[in-house]
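To start, the structure itself, in structure tokens.
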Amino acid sequence: MSALAKNYNRRKIAFKKGKGSFLFAKNGKKYLDFCMGIAVNSLGHAHPYLVKELNKQSKKVWHVSNAFIIPEGERLAKRLTQKTFADSVIFQNSGAEATEAAIKVARRYFYSIGKSKKNRILCVKNSFHGRTLATIYASGSKKMTEGFGPKVDGFDHFEFGNHKELKKSITSKTAAIMIETVMGEGGIKVVPDWCLKELRKICNKKKILLILDEVQCGIGRSGNFFAFEQSKIKPDIVPIAKGIGGGFPIGAVLMNKKVSSGMTPGTHGSTFGGNPLAMSVGNAVLDQIFKKGFLKNVKNLSKYFHNELDKIKREFPKIIKEVRGVGLLIGLQLFHDQTKFVQKLMDNKLLTIRAAENVVRILPPLTVKKNEINLALKIIRKVCKEY
Ligand SMILES: *Cc1c(COP(=O)(O)O)cnc(C)c1O
């Protein structure tokens, strides 16, 4: 009997090692891993460069307090701001911490300009921003909040795509709109560029902040460094996590100069956030993702993958309803519950993961090779045939 609490419904399999796009199970089987720790292992398993950099740092210094200067973190923050809209960064350890810090930054900004009544955050119903008390109520999901009351106040919600409701929900107390640029857990739903542009306009007009949660879709997953880049807009605050650590727990909130002015000494902190070991791994991940041609390759391969999946969809119009997503954040929406489909893929040695709305989520590493995509396509086609 497991001594772990039963808060997960785990698949009955464990792994002994990973290499690139593959995982090797204790039962001797080799799996193509297109789950990748839910978009976390952005460079695949045991990437030699990440292993080298982690080992190098592990012999120097793992952890010092944020009471001291941490050069590895200074460097990672500098690189993140040089490449993006942001002017400063606060490091955390997870996505939920990053989104919660984003909420704190937004509220603190209005407090610092004497508008502390402007403190409500407008979010999408049934989105996903993490599992802390504040972020489950930000997510506005009945399932996630059930039994965890009293309710954490300060969040309002609108239905994804319901622009009328969105506009109606903005009040004089609204501090920020917070959305996932691509809804991950919610079923790989992409917010189109024109919507992002409109959102930016609305926020400017109403003098509220725009928070784009890029915890899942950021750090190259979309084919751009951030998924919102395609729309050419600039958000005010962006929480990131998952892909930036390549498997090492790192979260961060990126912000522009205007909002960072509220985060004065003592307003926020984290014991582990931004420690030298984590920061060295983060820098190593960026060394790879910032390499010339890296993201272009992600774009090209993902275009191929989407096209081929569309073909499979046309071959099996009674099974697959829609191919969703951007870059290597892909959702196969089925007509019926996808649990059995995900299991069949796994029986055929392809690992994927579910998302809402009957979606099979496909998350290859950003280092995936074309022949590995072809292998996945072959398995998906086979499962469709036998379904
Ligand atoms: C995964 C995720 C989070 C929460 O990240 P954790 O590291 O699990 O706390 C927040 N927002 C989005 C969009 C996510 O996909």
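Each ligand, and each atom within it, is numbered from 1 in the order the structure gives. Just so it is clear, the structure is predicted and the values come from calculations on it, not from any experiment.
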Could you tell me whether a side-chain N or O of Thr135 sits under 3.5 Å from a main-chain N or O of Gly130, the two making a donor and an acceptor? yes

Check each atom of ligand 1 against the heavy atoms of Glu180 and keep those under 4.0 Å away; list them by number with element. 13 (C)

Within 4.0 Å of some non-hydrogen atom of Gly130, the atoms of ligand 1 are 4 (C), 10 (C)

Taking atom CD of Glu146 as the centre, does the number of heavy atoms from other residues, nucleotides or ligands within less than 6.0 Å exceed 12? no

Quick check: does Phe128 get an N/O under 3.5 Å from an N/O on ligand 1? yes

The atoms of ligand 1 lying under 4.0 Å from a heavy atom of Gly95, numbered in the order shown, are 4 (C), 5 (O), 6 (P), 7 (O), 9 (O)

Show me which atoms of ligand 1 lie under 4.0 Å from any heavy atom of Ala96. 4 (C), 5 (O), 6 (P), 9 (O)

Numbering as shown, the atoms of ligand 1 that approach Asp213 to under 4.0 Å (heavy-atom distance): 10 (C), 11 (N), 12 (C), 13 (C)

SB check Asp153 Arg120 (cutoff 4.0 Å): yes

What are the two closest heavy atoms between Lys340 and Tyr387, and how far apart are they? CB-OH, 3.7 Å

Looking only at heavy atoms, what is the nearest atom pair of His63 and Pro276, with distance? CA-CD, 3.8 Å

Which of the numbered atoms in ligand 1 are under 4.0 angstrom from any heavy atom belonging to Lys242? 1 (C), 2 (C), 3 (C), 14 (C), 15 (O)

Which atoms from ligand 1 have a heavy atom of Gln216 less than 4.0 Å away? 15 (O)

Let me confirm one number: the OG-CZ distance from Ser116 to Arg108, rounded to the nearest 0.5 Å. 10.5 Å

Same cluster (ILVMFWY, side-chain, under 4.5 Å), Ile379 and Phe24: yes

Show the atoms of ligand 1 that are less than 4.0 angstrom away from any heavy atom in His129. 10 (C), 11 (N)

Quiz question for you: does at least one protein heavy atom lie closer than 4.0 Å to atom 11 (N) of ligand 1? yes

